[in-house]
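Here is the structure we will look at, set down as structure tokens.
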Amino acid sequence: MSETPTRTLQYRFDGPEQAPVLVLGPSLGTTWHMWDRQVPELARQWRVLRFDLPGHGGAPAHAATSVPELAERLLATLDGLGVQRFGYVGCSIAGAIGAELALRRPDRIASLALVAASPRFGTADEFRQRGVIVRANGLDPMARTAPERWFTPGFAAAQPAIVEWAVQMVRTTDPGCYIAACEALAAFDIRAELGRIGVPTLVLVGAEDQVTGPAEARTLVAGIRDARLALVPGASHLAPVEQPAAVTDLLVHHFSTAWYNPSDTTTGLTVMPDRPTGPAASAAVGPVAEIAPAPEQPAAVPAGRPDPYDAGMRVRREVLGDAHVDRAAATAAADGFGGDFQEFITRYAWGEVWTRDGLDRRTRSAVTLTALVSGGHLDELAFHTRAALRNGLTPDEIKEVLLHAAIYCGVPAANAAFKVAGAVIREETTPDA
């Protein structure tokens with residue numbers, strides 16, 4: 001077990017001290033115990049290090065809001081242990097961490113397995129909406145819906161104890177760290193960079209995964225130069241829990257045959273020594289392999305001050321949501337009249353002002369709500385209330401902003417604002433049945 005400073009992660013070791021290190025990373029809302037069924041077999045050949053995400057499994061609640069930050073914390077943890085090169089297996093958000101490491105620090109990764117992963121997890125709107133719901137209701141809505149996201153219906157019905165164990169993992173997670181991880185997934189998008197991943201990669205996915213399913217897995221395989229696909233029948237998002245023997249066999253096969261160490265051979269590929277004799281984890285499950293060439297790299301961006309439009313569009317989508325921005329663009333395109341105005345506000349309001357470092361987004365949302373109350377702009381108040389929730393203001397904090405505005409902007413204006421904002425808050429913070 002580990003002591004965990006702010007910039008490192010909680011971890012535990014299993015297996016022989018002199019063996020090559022294999023790192024196992026968990027999905028959002030789970031702990032290192034999701035790998036319990038893999039460890040006995042993997043630890044026969046590797047020094048297995050499992051880690052917890054911040055605020056998960058009793059780990060200190062030092063929130064990290066980006067995948068690169070999580071990757072840096074993992075590297076800091078490994079640096080402190082003297083681990084330079086390692087194999088890596090990551091499920092879901094930990095798969096994103098593994099892909100980030102393979103892109104930024106390929107010298108550290110000997111071999112990679114991405115489980116239930118994607119180059120982009122859903123949409124930014126989906127994960128920011130999760131954050132809004134958790135701020136308003138705590139983690140109970142996420143815990144109640146976890147079984148349907150993580151397991152096939154048949155497994156959930158047959159294994160109620162495992163389902164309850166999974167629900168409790170979510171309930172014991174720190175809400176702030178869960179929200180921060182959602183923000184990290186909302187911002188994660190490496191679709192254009194997949195061709196730069198050069199380490200041997202296994203992409204493993206449950207055949208019935210409805211969260212990051214076979215389609216996302218095939219996107220990874222098509223983009224990564226040396227990648228193979230393993231499709232696990234009868235498994236959903238948490239395939240290591242639902243089909244432990246099949247997943248274990250696939251991981252053992254991959255890391256035994258695709259361990260890259262440039263100093264060992266002229267090819268760099270090292271075949272791991274035979275495992276100690278003993279019973280196999282299960283009947284062999286052969287991976288389904290698909291390999292595709294890397295896509296062409298995008299053209300270089302000219303030097304000079306960047307056009308604020310692209311940064312503005314990114315921030316505008318993060319704050320207002322893809323659906324709102326897409327509707328505004330479609331309306332402007334349909335009538336042929338508002339396109340110049342959409343470009344104007346994207347470039348200057350969002351690209352020049354909202355991107356400035358002087359105020360954080362929570363503060364900018366509070367200022368914006370007050371200004372809209374003062375001007376009586378109730379239509380804009382509605383979508384900026386949604387934006388304020390996305391930017392981290394709680395319903396109680398929005399209420400305080402509107403009460404403050406009532407003093408300085410007038411009671412009638414605040415009265416109308418409370419009606420609009422209240423309807424939006426009820427809609428945005430009510431969990432799905």
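Rounding to the nearest 0.5 Å gives a distance of 9.5 Å between CZ of Arg386 and NE2 of His324. Taken to the nearest 0.5 Å, the CD1 atom of Ile190 stands 8.0 Å off from the CZ atom of Arg104. Here the CG atom belonging to Leu9 is positioned 7.5 Å from the CG atom belonging to Leu53, to the nearest 0.5 angstrom. Leu369 contributes atom CG, which lies 11.5 Å from atom CD of Glu380 (distance to the nearest 0.5 angstrom). Between Thr152 atom OG1 and Asp209 atom CG the span is 11.0 Å, to the nearest 0.5 Å. Atoms CD and CG, on Gln243 and Leu250 in that order, are 10.5 Å from each other to the nearest 0.5 Å.
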### Query
Yes or no on side chain to side chain donor-acceptor pair (under 3.5 Å) for Arg108 and Tyr88, after CA distance, side-chain angles and deciding distance?
CA-CA 10 Å; Arg108 304 292 294 270; Tyr88 184 91; over 6 Å; no
### Task
Check the pair Tyr11 / Leu74 against side chain to side chain contact (heavy atoms under 4.5 Å, CB included), numbers first and verdict last.
CA-CA 10 Å; Tyr11 68 90; Leu74 177 58; over 6 Å; no
### Message
Could you walk me through whether Cys182 and Leu28 satisfy the side chain to side chain contact (heavy atoms under 4.5 Å, CB included) test, starting with their C-alpha distance in whole Å, then the side-chain angles of each, then the deciding distance to 0.1 Å, before giving a yes or no?
### Response
CA-CA 8 Å; Cys182 288; Leu28 174 61; 4.1 Å; yes
### Query
What's the verdict on salt bridge (Lys or Arg N to Asp or Glu O under 4.0 Å) for Arg85 and Asp107, showing C-alpha distance, side-chain angles and the deciding distance?
CA-CA 7 Å; Arg85 287 183 62 78; Asp107 57 306; over 6 Å; no
#### Entry: Chi angles and distances behind the side chain to side chain contact (heavy atoms under 4.5 Å, CB included) call for Arg228, Asp226
CA-CA 7 Å; Arg228 289 168 177 79; Asp226 184 8; 3.1 Å; yes
### Task
Under the side chain to side chain contact (heavy atoms under 4.5 Å, CB included) rule, what do Val353 and Tyr348 come out as? Steps first, then yes or no, please.
CA-CA 7 Å; Val353 175; Tyr348 296 106; over 6 Å; no
### Step-by-step salt bridge (Lys or Arg N to Asp or Glu O under 4.0 Å) determination, Arg362 to Asp360
CA-CA 6 Å; Arg362 283 168 46 87; Asp360 61 26; 5.2 Å; no
### Task
Quick one: do Glu72 and Arg105 satisfy salt bridge (Lys or Arg N to Asp or Glu O under 4.0 Å)? Show the steps, please.
CA-CA 10 Å; Glu72 286 299 321; Arg105 294 302 306 272; over 6 Å; no
### Message
I'd like to know whether Asp14 forms a salt bridge (Lys or Arg N to Asp or Glu O under 4.0 Å) with Arg50, so could you lay out the CA-CA distance, the side-chain angles of the two residues, the decisive distance to 0.1 Å, and finally the verdict.
### Response
CA-CA 8 Å; Asp14 295 277; Arg50 289 181 281 172; 3.1 Å; yes
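For Arg37, the CZ atom counts as loosely surrounded, since its 6.0 Å shell holds 12 or fewer non-hydrogen atoms of other residues, nucleotides or ligands. Surrounding CG of Asp379 are at most 12 heavy atoms belonging to other residues, nucleotides or ligands under 6.0 Å away.
Using a 4.5 Å heavy-atom threshold, the side chains of Ser92 and His237 count as touching. With contacts defined as side-chain heavy-atom distances shorter than 4.5 Å, the pair Val199/Ile197 qualifies. Within the 4.5 Å cutoff, no side-chain heavy atoms of Pro200 are placed close to those of Thr257. Proximity of Val205 to Thr212: side-chain heavy atoms (C-beta onward) are nowhere separated by under 4.5 Å. You'll find the side chain of Val232 stays beyond 4.5 Å of the side chain of Glu242, heavy atoms only. The shortest side-chain heavy-atom distance between Val319 and Arg361 falls under the 4.5 Å cut-off. For the pair Glu216/Val211, no side-chain contact is recorded, criterion being any heavy-atom separation below 4.5 Å from C-beta on. Side-chain contact between Pro244 and Trp35 is absent, with no heavy-atom pair separated by less than 4.5 Å.
Using modelled atom types, one side-chain atom of Thr172 and one backbone atom of Met169 make a donor-acceptor pair closer than 3.5 Å. Side chain of Asn415 to main chain of Val411: no donor-acceptor pair is present (N/O by atom type, distance under 3.5 Å, no hydrogens or angles). Side-chain atoms of Arg390 do not come within 3.5 Å of backbone N or O of Val132 as any donor-acceptor pair. A distance-only check finds no donor-acceptor pair linking the side chain of Glu208 to the backbone of Pro233 [under 3.5 Å]. Remark: side-chain polar atoms of Thr355 are paired, donor with acceptor, to backbone N or O of Gly351 under 3.5 angstrom. No donor-acceptor pair under 3.5 Å is formed between the side chain of Ser374 and the backbone N or O of Thr370. A donor-acceptor pair under 3.5 Å links the side-chain atoms of Asp189 to the main chain of Arg191, judged by distance alone.
In this model, a donor atom of one side chain and an acceptor atom of the other lie less than 3.5 Å apart for Arg316 and Gln342. Side-chain atoms of Asp322 and Thr123 form no donor-acceptor pair, as typed in the model, at a separation below 3.5 Å. When only modelled atom types and interatomic distance are considered, His56 and Thr30 share no side-chain donor-acceptor pair under 3.5 Å. In summary, the side chains of Arg73 and Thr8 do not present any donor paired with an acceptor at a separation below 3.5 Å, with no hydrogens or angles considered. If you check the side chains of Arg149 and Thr145, you find a donor sitting under 3.5 Å from an acceptor.
Under the side chain to side chain contact (heavy atoms under 4.5 Å, CB included) rule, Val373 has a single partner from Leu378, Val401, Leu402, Thr368, which is Leu402. Checked against Gln10 for a side chain to side chain donor-acceptor pair (under 3.5 Å), the options Thr31, Asp52, Thr77 give a single hit: Asp52. The only option from Leu114, Leu194, Leu220 that meets the side chain to side chain contact (heavy atoms under 4.5 Å, CB included) definition with Thr201 turns out to be Leu114. Only one option out of Val115, Leu202, Leu112 pairs with Val89 in a side chain to side chain contact (heavy atoms under 4.5 Å, CB included); it is Val115. Evaluated for a salt bridge (charged side-chain N to carboxylate O under 4.0 Å, His left out) with Arg347, the options Asp310, Asp340, Asp307 yield exactly one hit, Asp307.
A salt bridge is defined here as a Lys NZ or Arg NE, NH1 or NH2 lying under 4.0 Å from an Asp or Glu carboxylate O, and Arg7 with Glu69 meets this definition.
The minimum heavy-atom distance linking Ala116 with Phe121 is given by the pair O-CE2, 4.1 Å. Of all heavy-atom pairs between Pro431 and Pro141, the closest is CG-CG, 3.7 Å. Between Gly339 and Ala332, the closest heavy-atom pair is N-CB, 3.6 Å. The two residues Val247 and Ala239 have their closest heavy-atom pair at CG2-O, 3.6 Å. Taking all atoms of both residues into account, the shortest heavy-atom contact from Trp150 to Gly29 is CH2-O, 3.8 Å. Closest approach of Trp259 to Ser111, counting heavy atoms only: CA-CB, 4.2 Å.
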